[in-house]
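For reference, the structure discussed in these notes is given below.
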Amino acid sequence: MSEFTDVPERAGARQWLGLAVLLLPTVLLFLTMTVLFLATPYIAADLSPSSGQLLWINDIYGFVMAGFLVTMGTLGDRLGRRRLLLAGAVLFGAASILAAFAPGPELLIAARAVMGFGAAAVMPATLSLITTMFRDDRQRATAIGLWAASVSAGVALGPLLGGLMLASLWWGASMLIGVPVMLVVVLTVPVLIPEYRAPSAGRLDPISVALSLAALLPFVYGVKKLAETGFAAESLLTLLAGVVFAVVFVRRQLRLADPLLDVRLFANRTFSGSLGVYMLAAVALGGVYLLFTQYLQLVAAQSPLQAGLWILPAAIGLVIVSTVTPALARRIRPAYLIAAGLAVSSVGYLVLTQVGSVAGLPLLIVGFYVLYPGIAPAMALIPGLVIGAAPAEKAGAASAVNSTASDLGVALGVALLGSVGAAIYRADMSDAEGAAAETLPAALSSAESLPAELADSLVLAAREAFTSGLNAAAWTAAVLSAAGAVLAVALLRQIPAGATSVPESVETKKVSAAGGVAERTTVAV
């Protein structure tokens, strides 16, 4: 039974204060995806991870979070969204402490994985609770816009806060940010946020949960192995296994009266098109962002604090654009706003393809300042489009799918574009010896024990190889971002400016698994 029956038609002070509380973990969970970007060289020096472990330290959080989001979103709809949010907050806080004091790369990877599991419980609950707290269409659109801005703020502020922490503390301090935030959530959410459970929720199908994980995890592992080893048998077989389980998962969902994920939602062009655009934009940004922050420190020799300050203007621009975009969408079709932003991002990525390893900092900064705010319209508008395309009782599952596209996109970007950069680096450094041929941090470390002339030669070659990897990743990101712009216009242009519902001509008809009932869906813009 839902406590939301007493929520007023127009939100008052309690609802807006509750929104402020829900935005705190939203900022934190996305901040956690990027906070280690600047800490990566310090983790490499302190824990001596392999190149593969270093990638897993950065992207295991996003992968686990993405893997469990759909399950957790559906659980929240059925067991209680607030209850699941609180459980996830406690788990995330405890794992953050473990990660901060991890003595080795294996435990750090494990702790980051548990943090991802806790985040998977929290993230869909925040957005779905917002959609049920705000019943007025315009207020709901504003609240979702603020939620999107908090996502932008989290992604943007991660490296800055990481830099501030590294300026005076150790890398593990950046993991402890989540502890006080989640403590505030645990203390205030029961007071400000009413519980919600879908009134007609069915039972959870454990087989569907297992199939969803069996589809995602082998596929992700296969992608990583493919990037590391090429078309080896192991990578191809795991990719194939993931695809096979995905097919089995979809077929089972179509047969169930109470599916874990109502895959018929993907027949809605607004729903599937929005997710596709979001995924492409996130993949492009996730990988380049990691390489960008590493360039600042390892090639341009900026301190963590200096690197964070270089990012700050772009972060402010990202938040501003995310905040004003919902207002612009009342006059301009969302598809055109999203496409224009991604086209601008493509220009920024193309600038990064021209960055050199010597005196390349100004061009790097210009390119980043162009590309970063360009993703903001997609971040601001797509969550509302996705949530609005689903029935209210499936808001938790829909928000989970939205977050999955974003989180998995960023994680895949780190893995794929990071692997592109690593492959270019290894190819260019094939004549180097030992660990110096694997990563730039290892090369810089090796140079410390060499005579000055040899050290300078190794450092120059390693920085040039890393920059070549950045250039190649930026080319890839430019293509992905441009594809996202084209997809936005092709699939989302039917949504008019200022729409609070799907127009009659493009009304979505969802055939329920139980018996073919057509339902009208709304889009919060």
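Please read these numbers as outputs of a predicted model, since none were measured by experiment. Positions are given from 1, in the same order as the sequence printed here.
Leu107 places none of its side-chain heavy atoms less than 4.5 Å from the side chain of Phe101. Between Leu371 and Phe292, every side-chain heavy-atom pair lies at or beyond the 4.5 Å cut-off. Contact of the Leu342 side chain with the Val277 side chain is registered, since non-hydrogen atoms from C-beta on lie closer than 4.5 Å. Between Leu337 and Leu328 there is a side-chain heavy-atom pair separated by less than 4.5 Å. In this structure the side chain of Leu22 reaches within 4.5 angstrom of the side chain of Leu85, judged on heavy atoms. In this structure, the side chains of Gln494 and Thr270 come closer than 4.5 Å at one or more pairs of heavy atoms. In this structure, Met72 and Phe117 have side chains that are in contact, with non-hydrogen atoms separated by less than 4.5 Å. Residues Ile311 and Tyr289 are in side-chain contact: their nearest non-hydrogen atoms beyond the backbone lie under 4.5 Å apart.
In this structure, Ser481 OG and Leu285 CG are separated by 9.0 Å, a value rounded to the nearest 0.5 Å. For the atom pair CD1 (Ile144) and CG (Leu19), the distance works out to 10.5 Å, reported to the nearest 0.5 Å. Atom CH2 of Trp170 sits about 10.5 Å away from atom CE of Met175, to the nearest 0.5 Å. Rounding to the nearest 0.5 Å places OG of Ser272 at 8.5 Å from CG of Leu487. To the nearest 0.5 Å, atoms CD1 (Ile495) and CZ (Arg269) are separated by 9.0 Å. Note that CD1 of Ile207 and OG of Ser212 are 12.0 Å apart. Values are rounded to the nearest 0.5 Å.
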ask   = side chain to side chain contact (heavy atoms under 4.5 Å, CB included) between Leu29 and Tyr61: does it pass, once the steps are laid out?
value = CA-CA 10 Å; Leu29 298 184; Tyr61 169 82; 3.7 Å; yes
key: Verdict with reasoning, Ile43 to Leu108, per side chain to side chain contact (heavy atoms under 4.5 Å, CB included)   = CA-CA 10 Å; Ile43 294 172; Leu108 178 56; 4.1 Å; yes
key: From CA spacing to verdict: side chain to side chain contact (heavy atoms under 4.5 Å, CB included), Tyr278, Val386   = CA-CA 10 Å; Tyr278 214 10; Val386 172; over 6 Å; no
message = What verdict does the side chain to side chain contact (heavy atoms under 4.5 Å, CB included) test give for Thr188 and Leu17, after you've listed the backbone C-alpha separation in whole Å, the side-chain angles of each residue and the deciding distance to 0.1 Å?
response = CA-CA 10 Å; Thr188 59; Leu17 186 57; over 6 Å; no
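The main-chain N or O of Glu106 is never found under 3.5 Å from a side-chain atom of Gln53 such that the two would form a donor-acceptor pair. No side-chain donor-acceptor contact under 3.5 Å links Arg81 to the backbone of Ala125.
Across all non-hydrogen atoms, the minimal contact from Val321 to Ala376 is CG1-CB, 3.5 Å. Between Leu84 and Ala121 the shortest heavy-atom distance is O-CB, 3.7 Å. Residues Gly18 and Leu192 approach most closely at CA-CB, 4.2 Å, considering heavy atoms. Between Val191 and Arg14 the shortest heavy-atom distance is O-NH2, 3.0 Å. Here the closest non-hydrogen pair linking Ile130 and Ala143 is CG2-CB, 3.7 Å. Nearest heavy-atom pair, Ala95 versus Met115, reported as atom, atom and distance to 0.1 Å: CB-CG, 3.5 Å.
Tested against Phe92 for a side-chain contact (heavy atoms from CB on, under 4.5 Å), the candidates Val122, Leu28, Val181 yield a single pass: Leu28.
The aromatic rings of Phe271 and Phe266 lie perpendicular to each other, with more than 60° between the two planes, well past the 30° mark.
The ring-ring contact (aromatic ring centres under 6.0 Å, His included) search around Phe249 returns none, not counting sequence neighbours.
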